[in-house]
Student: 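Starting off with a structure, shown below.
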2 protein chains.
Amino acid sequence: MSDQDDTDQMNGADSLVQTLLDSGLDTCFTNPGTSEMHFVAALDHVPGMRSILVLQEGVATGAADGYYRMAGKPACTLLHLGPGLANGLSNLHNAKKAGSGVVNIVGEHAVTHIELDAPLTSDIEGIARPVSHWVHTSMSAADVGADAARAVQAANVAPGQVATLMLPSDTAWNGGGAVAPALEPAERPAFEAAALEEAVAALSGPDSLLLLGGAALSAEMLELAGRIAAKTGCKLLSEWANARQERGAGRVVVNRVPYPIDQALETLAPFKRIVLLGARAPIGFFAYPNKPAILTAEGTQITNLCTTAQDIAGALEALCGNVGAADTPPAHVAEAATPDKPSGPLEPGGIAQALARTIPEDAIIIDEAITTGRAFFPATAGAPKHTWVNNCGGSIGYGMPVAIGAAVACPDRKVMALIGDGSAMYTVQALWTMAREGLDITIVIFANRVYKILRGELTNVGVSNAGPKAMDMLSLDQPTLEFAQMAKSMGVEATQVTDCEALELAIETGLAHKGPYLIEAVM
Amino acid sequence: MSDQDDTDQMNGADSLVQTLLDSGLDTCFTNPGTSEMHFVAALDHVPGMRSILVLQEGVATGAADGYYRMAGKPACTLLHLGPGLANGLSNLHNAKKAGSGVVNIVGEHAVTHIELDAPLTSDIEGIARPVSHWVHTSMSAADVGADAARAVQAANVAPGQVATLMLPSDTAWNGGGAVAPALEPAERPAFEAAALEEAVAALSGPDSLLLLGGAALSAEMLELAGRIAAKTGCKLLSEWANARQERGAGRVVVNRVPYPIDQALETLAPFKRIVLLGARAPIGFFAYPNKPAILTAEGTQITNLCTTAQDIAGALEALCGNVGAADTPPAHVAEAATPDKPSGPLEPGGIAQALARTIPEDAIIIDEAITTGRAFFPATAGAPKHTWVNNCGGSIGYGMPVAIGAAVACPDRKVMALIGDGSAMYTVQALWTMAREGLDITIVIFANRVYKILRGELTNVGVSNAGPKAMDMLSLDQPTLEFAQMAKSMGVEATQVTDCEALELAIETGLAHKGPYLIEAVM
């Protein structure tokens, strides 16, 4: 039955939108198609859902990831059938690895239409499953509300999960929809209390490491970690990639385990005892010939006190208390520091100085700067308080979409997206949505015009004789990508810089600008 | 063991590339990462494979689809782990529905690394399966060659299949690789000979229809269909979407079943008997409330003589002979026709005239013009001989990547890509690869600045009261996408036109241009 035939009954789509709202969701990143038209129509019938249009679905799923990291609650996506979900899959992979809660609503053919194998028919559940913790297809309009409430509940399981709900078009347009009440979110499971004593004993002196991840990287938790370090002399590190880490002057400094395999091995070699708190035992990002996959030295004692899904606050408080550090002033608190004004051609050190000088209080830094960005983290420790966001799933093209989600979640904070040129091109359509929504995002594209990380990896994996065809596959300079021009073509103000002074000025201009601003930093 | 440790043994990557070459493949569309570096290095060791770099994997898989349609043999793709495959998934969906053979080589972590659940670890086989006919993971360097030969064999199963081979990095870098000989391609299965008599009886008079698809749309097969129509008085139609249809002056005209549901029902209503030859029984692209999903009138007799996978040439020859049409001159042969020069603002009719006046002999037309393009097909029937290519899977963003593959397969033919503005943005990164490879593609973007098809579909699915929020989700005009500027930013020459005269001139300029040329047609 059609929408207008049955005005006294709520249809499935309206019950879906109202249930999502009642479950606390109010933001939808969308690229809809025919099978989602009733959901789109419901956005008018049911007030309260902010809908943000994107031009490619990877932008929607990445934005939902960024939104969760900063808002602490899921957004929903609205995607068109299996192929629409497929386009969003790689950023759902990243969201899953980051522990971000996302509720995907994926249109599906009417139940009776699926068996006909129309052109857009596909195994949507099959496409969803590798990146989803929870997958379900609604079978009637009456089920849609309750299914949606369960999807939100699944997405809210700590630290955050990907829930994918398929909405056959007839379940959207049929009457009989029923709004479902919000379901109680699950509590975080307790930490490994049995490991507490071992953890207390393990943390003594500089050959012991407290390795932090997940929710342990909030400002409050970092302060507890700083107290523990002060009391026990242990070192602090965080994982290479973190969904969200609070930093800046006045906060406890925690550096990351390096990405390059040899540096990672060297950093971790001194530690005889490691306590994991919201982090996993360090392993190589990739396997390399003749190099270990386990990054810790042989014989290192590893104590897993708390996974990223468990009660991290409880674990840190217990650990802090049991080492007797509850009243110890924290160690490694960053002092405010402004580096000298950099000058000359753009190189990682000078760029890091320019960033450290310009990061504003409460900024959100989305870091997808890859090789250029390795110098940024230590250099910016003394900048004003800010949040640092990494790619936890390794699928590049996450940065600009995640910046959208962060900016939507935190309209009063400035977002800086630091993006390699190779990375930028996977989801460059994000620029249009930034302009459309007037989001305060300053994007810096590091245009070294090469997949530079892969040049290094060629050697790491044992290729010593790469020839011209191989090098050509890692080069982005024929033709040159003109990012400032590309940004303008999608409605984003932009400029190009080639030295450190101009970069610093351009960042200041971008931050003062209302709406997005792109800086192409030609290296 | 590493590449250089073991110079007397061939590694798995080299055996893979040599086996692909020996099996007849010579083109690879790639976006590699760390786990594929040995394959990349092998491109230098093993001469003969043309490798084409893309900036997003949907371009690689779409290009492989277009290549198969025009070259009649598969290309391979080289994709980075699960997320790289995921980015290419929607165009693999389209390739699968088009019956295009594709060999995907997907990097995977070293076998010993997978269990560690590194950031980029995912269920790659799970991601591959919904869009692949054949999925396999190589387990050792010694297996890689034989696995690759089987992948090519699977891709060549008629009409063409998607084969996905995972290559763990240690199977690429280890020694012990062995080149495998090409495997014999499977024969097309015979057509339904038992249905031949019924098909002969069915085709009599204008209330009978011969519905063609797949390989039945080659110039030679269309001529047989034209003879049958002349002899029996039956009508000829092709499916709405066809992988490749030959047309133009001197060829048998076969129009397509319309996309809009009401037009499709009207077109098919007169037929009492339908013979399927490489085509499927017509069904709705989507389900619509209160409208049938089966597009043929109730009681229509449907005779399935030959599927798209079976021996279409044998079926058409037998049918032609058995109706006694072997020597009958074909009906419906298009006469050369040049419409009047169009003028005034851009609208579908005038655009179709401009196309009909400019399509060069042997052109390949990639049609993703969606709403604007519905007028193009009939209007261009009398243009010089050309090939028309449709999207068979319905996932938009197929056009520009498929144009790349067609241009690579047919360097001596002009390619025209007719693309809606909404469609263009899904895989706009394709422009850079067109410029990099200097491909002779004239791209026309129809900038109506709206997802126009969805405006129509809102009504079709029964939404009569769409409000401003719904309409906003279907609009692309805030901000305006400046396609000419965007093209230039990726190294593609471009212009903007707003009337029919300028469009015709711009198409002529584009066709005379060496390399890609983009025309933004503002409607």
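Residue numbers begin at 1 in each chain, while the letters A, B, ... track the order of the sequences. Just so we're clear, the structure is a prediction, and the values are computed from it rather than from any experiment.
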Student: Using a cut-off of under 4.5 Å for heavy-atom pairs, which of A:Trp432, A:Trp240, A:Phe483 has the most such pairs with chain B?
Tutor: A:Trp432
Student: What heavy-atom pair brings B:Pro119 and A:Cys392 nearest, and what distance separates the two atoms?
Tutor: CB-O, 3.4 Å
Student: Backbone N or O of B:Ala470 within a donor-acceptor pair of the A:Asp44 side chain at under 3.5 Å?
Tutor: yes
Student: Quick check on the interface: out of A:Thr30, A:Leu476, A:Asp123, who has the most heavy-atom pairs with chain B under 4.5 Å?
Tutor: A:Leu476
Student: As an exercise: rank B:Arg280, B:Met49, B:Arg129, B:Glu36 by heavy-atom pairs under 4.5 Å with chain A and give me the winner.
Tutor: B:Arg280
Student: Does any heavy atom of chain B fall under 4.5 Å from the side chain of A:Leu454, the backbone, both, or neither of them?
Tutor: both
Student: Is any residue of residues 89-96 of chain A within less than 4.5 Å of chain B by heavy atoms, and which ones?
Tutor: A:Leu89, A:Ser90, A:His93
Student: Looking at B:Arg436 and A:Asp472, is any side-chain nitrogen of the basic one under 4.0 Å from a carboxylate oxygen of the acidic one?
Tutor: yes
Student: If you round to the nearest 0.5 Å, how far is CG of A:Leu120 from CG of B:Asn391?
Tutor: 8.0 Å
Student: Looking only at heavy atoms and a cut-off of under 4.5 Å, which of A:Ile127, A:Ile283, A:Asp170 has the most pairs with chain B?
Tutor: A:Ile283
Student: Return the CE to CD distance between B:Met486 and A:Gln485, rounded to the nearest 0.5 Å.
Tutor: 10.5 Å
Student: Between A:Ala287, A:Gly491, A:Ser35, which residue shows the highest count of heavy-atom pairs closer than 4.5 Å to chain B?
Tutor: A:Ala287
Student: Under a 4.5 Å cutoff for heavy-atom pairs, which residue among A:Ser169, A:Ala42, A:Ala118 has the most contacts with chain B?
Tutor: A:Ala118
Student: Between A:Leu78 and chain B, with a heavy-atom cut-off of 4.5 Å, which part of the residue counts as in contact: side chain, backbone, both or neither?
Tutor: neither
Student: Which residues satisfy the ring pair (Phe, Tyr, Trp, His ring centres under 6.0 Å) test with B:Tyr288, sequence neighbours excluded?
Tutor: none
Student: Who are the side-chain hydrogen bond (donor to acceptor under 3.5 Å, both in side chains) partners of B:Tyr398, not counting sequence neighbours?
Tutor: none
Student: Considering only heavy atoms, which portion of A:Pro168 lies under 4.5 Å from any heavy atom of chain B: side chain, backbone, both, or neither?
Tutor: neither
Student: State, with a plain yes or no, whether a side-chain heavy atom of B:Gln429 is found less than 4.5 Å away from one of A:Gln56.
Tutor: no
Student: Please look at A:Val54 and chain B and tell me whether the side chain, the backbone, both or neither of the residue comes under 4.5 angstrom of a heavy atom of that chain.
Tutor: backbone
Student: Between B:Leu116, B:Ile294, B:Leu43, B:Val40, which shows the greatest number of heavy-atom pairs under 4.5 Å with chain A?
Tutor: B:Leu116
Student: Judged by modelled atom types alone, do B:Thr34 and A:Glu457 share a side-chain donor-acceptor pair under 3.5 Å?
Tutor: yes
Student: Most heavy-atom pairs under 4.5 angstrom with chain A, which of B:Met471, B:Met425, B:Lys488?
Tutor: B:Met425
Student: Can you tell me how far the CD atom of A:Glu57 sits from the OG atom of B:Ser395, to the nearest 0.5 Å?
Tutor: 7.5 Å
Student: What option among B:Gly284, B:Ala435, B:Gly397 has the most heavy-atom pairs under 4.5 Å with chain A?
Tutor: B:Gly284
Student: Would you say A:Leu55 and B:Val428 make side-chain contact, with heavy atoms under 4.5 Å?
Tutor: no
Student: Please flag which part of A:Thr121 lies under 4.5 Å from any non-hydrogen atom of chain B: side chain, backbone, both or neither.
Tutor: both
Student: Among all residues two or more places apart in sequence or in another chain, which pass the ring pair (Phe, Tyr, Trp, His ring centres under 6.0 Å) test with A:His109?
Tutor: A:His113, B:Phe286
Student: Considering only heavy atoms from C-beta outward, does the side chain of A:Met473 approach that of B:Met37 to under 4.5 Å?
Tutor: no
Student: I want to check something: taking the side chain as every heavy atom from C-beta on, are A:Asn87 and B:Tyr426 in contact at a cut-off of under 4.5 Å?
Tutor: yes
Student: So, do A:His38 and B:Leu458 sit near enough that their side-chain heavy atoms are less than 4.5 Å apart?
Tutor: no
Student: Quick one: which of A:Ala293, A:Ala128, A:Ala172, A:Ala110 has the most heavy-atom pairs under 4.5 Å with chain B, could you say?
Tutor: A:Ala293
Student: Are any of the side-chain heavy atoms of B:Asp117 and A:Lys97 separated by less than 4.5 Å?
Tutor: yes
Student: Would you sort out whether B:Tyr451 and A:Leu53 count as a side-chain contact (heavy atoms from CB on, under 4.5 Å), showing the intermediate values?
Tutor: CA-CA 11 Å; B:Tyr451 286 126; A:Leu53 182 62; 4.2 Å; yes
